[in-house]
Amino acid sequence: MPPKPDDAAAARQMPAKKDLVRRLSALRRRGGHFAESEHAEEVGRTLKRIWRYLSREKLLLLGLIAVVLTGTAGNMYAPSQQSLCIDIIAGVHPGHLGQTLWLMLGGYALFCVCEIGQGMWSARLSQHIVEQLREELFGKIIDMPVSYLDRHSHGDVMSCMTNDIENISLSVSQAWPTLCSGLLTVIATSIIMVCYCWQLALLSAVAVVFTLVATKILAKFVRRYARCRQQLLGELNGAIEEMIYGYQTVVVCAHEEQTVKEFCSTADALTNAGISTEIFSGLLGPVMFITRNLNFVIIAACGGYFALKGLVTVGEISAFIVYSKMFSRPINEIAQIYGQLQTAVAGAERVFKVLDQCSERMEGEELKIKKGADIAFNNVQFSYKVGTPVIKDFSLRVSAGRRIALVGATGSGKTTIANLLLRFYDLDRGSITINGRNIARISRSSLRRHIAIVLQDTVLFSDTVERNLRYGREEAGRKRIEAAVNMSCAADIIQGLPQGYDTVLRGGGFDLSQGQRQLLAIARALIADPHIIILDEATSNVDTRTEKAVQESMQRLMRKRTCLIIAHRLSTIRDADMIVVMDNGQIAEQGTHEQLLERRGKYYELYMTQFAGIAT
């Protein structure tokens with residue numbers, strides 16, 4: 001009795017197919033990346049761009065071309081000598097049999113040697129191309145505006161860097177050499193077959209026409225599903241990354257079942273897209289097999305008839321059969337790798353789409369600050385989406401050396417102000433000045449060298465503790481580092497590590513607690529010794545006792561620096577020179593802690609809510 005199919009898998013299969021159809025329709029309607037790949041001119045532009053990378057490796061490319069040409073010549077030469085051997089044995093053609101046999105073996109030996117050389121040269125060429133693409137793509141991602149990475153799935157970007165680049169590598173090392181040698185073989189064998197017997201060559205063309213029609217029809221489906229598979233793979237990578245990063249949230253919220261359903265939906269759609277791609281790619285092989293055998297029957301039957309009529313010799317028929325097989329073999333190979341080529345072109349289009357994105361503009365004037373940084377926000381307006389302003393007519397003056405705290409409900413625009421100061425985004429209207437100079441005219445790199453930021457979500461890299469601390473100032477000495485570590489209360493943390501400052505933080509420091517990571521980030525900001533400090537919930541993950549020690553040490557540091565403090569915990573900003581309360585992207589009120597409490601406005605409401613122990 002056959003086993004019963006998995007009901008759960010079967011239940012998912014139909015929705016997955018419907019989801020795949022829906023995604024394909026949506027991609028075509030969108031008229032974007034996928035839709036463009038349907039047009040031949042997009043494929044042409046992509047191939048031209050790939051050729052530019054190939055042309056940069058002139059020596060390797062010329063070597064590969066020479067090997068392919070030599071191997072093809074040897075492969076074409078050997079059957080002609082085989083035909084001559086048969087005619088010599090049959091007495092139809094005079095000649096030396098032994099010499100002809102050695103020439104035939106030499107042709108085949110040359111072809112084998114060139115095949116090995118072709119593999120070696122194509123492998124080197126592909127790795128050089130991939131190295132260029134990886135370096136350019138990584139450099140482009142590094143230079144991307146923050147807004148681009150905010151709008152795109154990280155998994156999709158990672159998929160371009162890994163899967164799409166790998167597909168291009170496979171095509172350059174395997175598919176493209178096979179395609180080139182195959183085309184040369186087809187052209188050479190066509191000429192030779194016409195020279196031997198144009199009647200038989202004409203009959204063989206019938207099979208070629210059938211092959212081209214079948215390939216064109218099947219390739220349309222291969223291309224469509226290959227593009228969908230690449231996009232779904234990027235979505236799946238993004239879903240996996242989000243699940244791993246937010247695993248605790250998934251578990252705490254008991255969202256495992258829904259997460260699995262969403263993952264399975266995308267995974268099943270990806271499976272169906274992959275199956276469809278492989279099915280239509282695989283159909284090309286059987287079609288070529290049928291064509292090859294049909295061609296052989298035509299040549300055998302008609303060739304025997306022509307031999308009886310004296311149009312060709314037995315040796316020429318033998319050579320014609322060999323050339324016919326050589327003619328059909330590359331067509332069969334090209335048909336089989338066509339799906340791989342389509343996948344590579346699809347991946348290349350995705351890579352080039354990223355490379356064509358506008359990089360963050362880094363040009364501008366140099367910012368030099370000698371004594372202090374005076375910051376002014378003048379009628380600033382900004383929106384992430386056109387028509388939906390997040391910051392509205394925001395004006396604020398932050399004198400040099402002062403500490404300004406931004407408070408307000410979530411979504412009021414506090415962090416956006418910091419992002420605008422760092423020029424992560426450009427303003428819609430208004431200006432931000434430092435010491436009277438508009439930051440829009442200052443280069444981003446120069447601006448950011450004078451600013452240090454400590455975020456709520458700490459970012460540490462997989463490197464030694466010391467290298468992480470030096471990230472903001474590479475030339476910092478050990479005394480400076482130790483002083484900053486002591487001021488941030490991180491000395492005990494480092495002393496407790498196995499190799500101290502030389503301890504390698506694995507996985508971005510996930511073997512440390514969130515509070516410990518944040519203390520190291522604060523120390524890194526202190527080492528940078530900036531003129532402007534931005535603290536975005538910098539002590540949110542530190543316990544009360546450590547927070548007090550950090551606040552005391554940072555008070556001494558911030559005396560001569562301009563500080564912008566973003567906080568929800570109002571107890572951390574009582575000593576700020578001025579507190580700015582934001583509401584819906586605007587300044588609701590501002591003043592000192594005591595002044596704002598006396599006004600009994602929004603700050604008073606926030607303070608009393610926290611004082612009463614109610615979460616905001």
Side-chain angles (χ1 to χ4, degrees), residues 26 30-33 140-158 160 231 234-235 238-239 241-242 245-246 249 353-354 356-362 364 375-396 398 404-434 438-445 447-448 451 453-459 532 534-538 540 564-568 580-588 602 616:
R30 198 179 304 163
H33 190 42
K140 171 60 71 171
I141 293 173
I142 288 293
D143 292 336
M144 283 286 194
V146 174
S147 57
Y148 178 87
L149 296 177
D150 285 345
R151 292 193 306 266
H152 291 76
S153 167
H154 294 178
D156 198 37
V157 176
M158 290 169 60
C160 279
Q231 173 146 347
E235 292 181 12
E241 181 191 17
E242 289 181 355
Y245 183 77
T249 303
K353 184 178 180 182
V354 176
D356 289 339
Q357 295 294 321
C358 295
S359 299
E360 191 174 43
R361 299 181 62 181
M362 304 302 291
I375 306 173
F377 296 84
N378 306 307
N379 302 316
V380 172
Q381 181 161 319
F382 171 76
S383 56
Y384 292 104
K385 295 181 179 179
V386 178
T388 309
V390 177
I391 302 297
K392 308 168 186 174
D393 198 26
F394 182 89
S395 296
L396 177 67
V398 185
I404 304 299
L406 298 178
V407 300
T410 301
S412 58
K414 305 183 298 297
T415 301
T416 301
I417 291 297
N419 290 338
L420 295 177
L421 178 60
L422 286 160
R423 287 196 68 190
F424 288 162
Y425 298 88
D426 289 326
L427 308 180
D428 295 341
R429 193 178 65 198
S431 64
I432 302 175
T433 62
I434 296 179
N438 193 332
I439 65 172
R441 293 195 291 268
I442 298 172
S443 70
R444 284 179 165 88
S445 57
L447 171 67
R448 293 166 186 170
I451 303 175
I453 183 169
V454 179
L455 300 171
Q456 180 178 2
D457 297 324
T458 305
V459 177
I532 302 171
I534 299 175
L535 303 175
D536 190 350
E537 297 290 340
S540 60
L564 198 62
I565 307 169
I566 301 171
H568 280 289
V580 177
V581 182
M582 296 190 64
D583 182 41
N584 196 25
Q586 296 176 312
I587 297 178
K602 285 191 172 293
T616 58

(request) Please report the shortest heavy-atom distance between Pro389 and Ser383, naming the atom on each side. (result) CA-CB, 3.5 Å
(message) Using 0.5 Å steps for rounding, measure from the CD1 atom of Ile566 to the CE atom of Met582.
(response) 9.0 Å
(request) Begin with the C-alpha distance, continue with both residues' side-chain angles, and end with the deciding distance and a verdict on side-chain contact (heavy atoms from CB on, under 4.5 Å) for Leu420 and Thr416. (result) CA-CA 6 Å; Leu420 295 177; Thr416 301; 4.2 Å; yes
(request) Report yes if some heavy atom in the side chain of Val146 is under 4.5 Å from a heavy atom in the side chain of Asn419; otherwise report no. (result) no
(message) Using the rule given for side-chain contact (heavy atoms from CB on, under 4.5 Å), can you reason through Leu422 versus Ile534, listing the C-alpha separation, both sets of side-chain angles and the distance that settles it, and then say yes or no?
(response) CA-CA 10 Å; Leu422 286 160; Ile534 299 175; 4.1 Å; yes
(message) For a quick test of reading the model, state the closest non-hydrogen atom pair linking Arg423 to Ile442 and the distance between them.
(response) NH1-O, 2.7 Å
(request) Report yes if the distance between the aromatic ring centroids of Tyr425 and Tyr384 is under 6.0 Å, otherwise no. (result) yes
(message) Contact between Ile532 and Ile434 at the side-chain level, heavy atoms closer than 4.5 Å - yes or no?
(response) yes
(request) Quick one: pull up CZ in Phe424 and CD1 in Ile453 and give me the separation to the nearest 0.5 Å. (result) 6.0 Å
(request) Identify the heavy atoms of Pro145 and Cys358 that sit nearest to each other, and give their distance. (result) CD-O, 3.5 Å
(message) If I take atom CD from residue Gln381 and atom CG from residue Leu427, how far apart are they, to the nearest 0.5 angstrom?
(response) 10.0 Å
(message) How long is the straight-line distance from CZ of Arg429 back to CG of Asn378, given to the nearest 0.5 Å?
(response) 12.5 Å
(request) Output all residues satisfying side chain to side chain donor-acceptor pair (under 3.5 Å) with Arg441, sequence neighbours left out; order by chain, then residue number. (result) none
(message) Please report the interatomic distance CD1(Ile432) to CG(Leu396), rounded to the nearest 0.5 Å.
(response) 10.5 Å
(request) Please name the pair of heavy atoms, one in Cys160 and one in Val354, separated by the smallest distance, quoted to 0.1 Å. (result) SG-CG2, 4.1 Å
(message) Test your reading of the model: is there a side-chain donor-acceptor pair from Lys414 to the backbone of Ala409, 3.5 Å cut-off?
(response) yes
(message) Can you give me the closest heavy-atom contact between Ser395 and Ile587, atom names plus distance?
(response) O-CD1, 3.2 Å
(message) Give me the atom names and distance for the closest heavy-atom approach of Asn438 to Ser431.
(response) ND2-CB, 3.7 Å
(request) Mind checking side chain to side chain donor-acceptor pair (under 3.5 Å) for Lys140 and listing every partner two or more places apart, or none if nothing turns up? (result) Ser359
(message) What's the separation between atom CZ in Arg448 and atom CG in Leu421, rounded to the nearest 0.5 Å?
(response) 10.5 Å
(request) Might you confirm whether atom NZ of Lys602 has over 12 heavy atoms from other residues, nucleotides or ligands at distances under 6.0 Å? (result) no
